[in-house]
Amino acid sequence: MEKKPYNPGPRPPRPQQQPQQRRANNNSKDPNAINEHIRAREVRLVGDNVEPGIYSIQEALKKAEELELDLVEISATANPPVCKILDYQKYLYQQKKKLKEQKAKSVKVVIKEIRFGPQTDEHDYNFKLKHAIGFLQEGSKVKAYVFFKGRSILFKEQGEVLLLRFANDLEEYGKVEQMPVLEGKRMIIMISPKKK
């Protein structure tokens, strides 16, 4: 028996979208409702090139179309919702830029860890203390902890005394944010830098 080649036939033409409709396809990522996705019957229109006031959604959409821009819902909770006629892509870009600038201005908190054993000798202690002073001076927080291996958990009082001495020696550079606390096999103390 001879096999016939598979022929699905002609493809149906894809429906063409108008430019205005294409922009109106709202992604779930979009923070604002735009164009036909605005559900209100009437909206308060604000912005440039329009007479501020309350318009029916059809009138507002028509105005946006005339200006070849988008109708964007700025405040959905207002009654009626506040909308603005603008270029939505440009608006999103500006919002992202603002957010980026705010993030850059916010201070990133860096936490540096310093580990001790329950019987840390004096030389090792002073070496770690010097590092902690440097970290606090550069604005980082210091998380110092004593790690107890096996039976060394018996020396937890010794570990606590060591951490309190450490905090006391750093008093001039930082303040204790959290007193020594035992978490599993580690006793931890948090010290944050003093504000200049």
- Apply the test side chain to side chain contact (heavy atoms under 4.5 Å, CB included) to residues F148 and M187: give CA-CA distance (whole Å), side-chain angles for both, the deciding distance (0.1 Å), then the verdict. CA-CA 8 Å; F148 301 102; M187 185 173 279; 3.8 Å; yes

Does [X] reach the side chain of [Y], with side-chain heavy atoms less than 4.5 Å apart?
X	Y	value
M190	I111	yes
K112	K143	no
L45	L71	yes

- Message: Grouping I, L, V, M, F, W and Y whenever their side-chain heavy atoms are under 4.5 Å apart, do V161 and L163 come out in a common cluster?
- Response: no

Show which side-chain atoms of residues 53-60 pair as donor or acceptor with protein atoms under 3.5 Å away, not counting sequence neighbours.
| unit_1 | atom_1 | unit_2 | atom_2 | d |
| --- | --- | --- | --- | --- |
| Y55 | OH | E51 | O | 2.6 |
| S56 | OG | E59 | N | 3.2 |
| S56 | OG | E59 | OE1 | 3.4 |
| E59 | OE1 | S56 | N | 3.1 |

- Query: Which class fits the ring pair H131 and F127: parallel under 30°, tilted 30 to 60°, perpendicular over 60°?
  - Reply: perpendicular

- Answer yes or no for R186 and F147: cation-pi contact, defined as NZ/CZ to six-membered ring centre under 6.0 Å and angle to ring axis within 45°. no

- Message: If you apply the rule salt bridge (Lys or Arg N to Asp or Glu O under 4.0 Å), what do you find for E122 with K128, and how did you get there?
- Response: CA-CA 10 Å; E122 198 62 29; K128 288 177 178 182; over 6 Å; no

- Item | Working for side chain to side chain contact (heavy atoms under 4.5 Å, CB included), residues F135 and L170 | CA-CA 11 Å; F135 295 149; L170 291 172; over 6 Å; no

- Message: Would you say CD of E66 has more than 12 non-hydrogen atoms from neighbouring residues, nucleotides or ligands within 6.0 angstrom?
- Response: yes

Look up atom [atom1] in [X] and atom [atom2] in [Y], then write down how far apart they are to the nearest 0.5 Å.
X	Y	atom1	atom2	result
E157	L162	CD	CG	13.5 Å
D70	L92	CG	CG	9.5 Å
I188	L182	CD1	CG	8.5 Å

- Query: If you link I, L, V, M, F, W and Y whenever their side-chain heavy atoms are under 4.5 Å apart, who else ends up in the same group as V46?
  - Reply: V82

- Report the C-alpha distance between F166 and F116 in whole Å, list the side-chain angles of each, state the deciding distance to 0.1 Å, and finish with yes or no for ring-ring contact (aromatic ring centres under 6.0 Å, His included). CA-CA 11 Å; F166 188 65; F116 293 102; 5.1 Å; yes

- Task: Assess whether side chain to side chain contact (heavy atoms under 4.5 Å, CB included) is satisfied between I85 and L69, documenting all intermediate values.
- Result: CA-CA 6 Å; I85 293 176; L69 294 169; 3.7 Å; yes

- With sequence neighbours left out, which residue pairs that include part of residues 74-85 fulfil the side chain to side chain donor-acceptor pair (under 3.5 Å) condition? none

- Query: Using a distance-only test with no angle check, is there a side-chain donor-acceptor pair under 3.5 angstrom linking D169 and Y125?
  - Reply: yes

- Could you go through the side chain to side chain contact (heavy atoms under 4.5 Å, CB included) check for K185 and K149 one step at a time? CA-CA 7 Å; K185 292 184 174 185; K149 259 195 297 200; over 6 Å; no

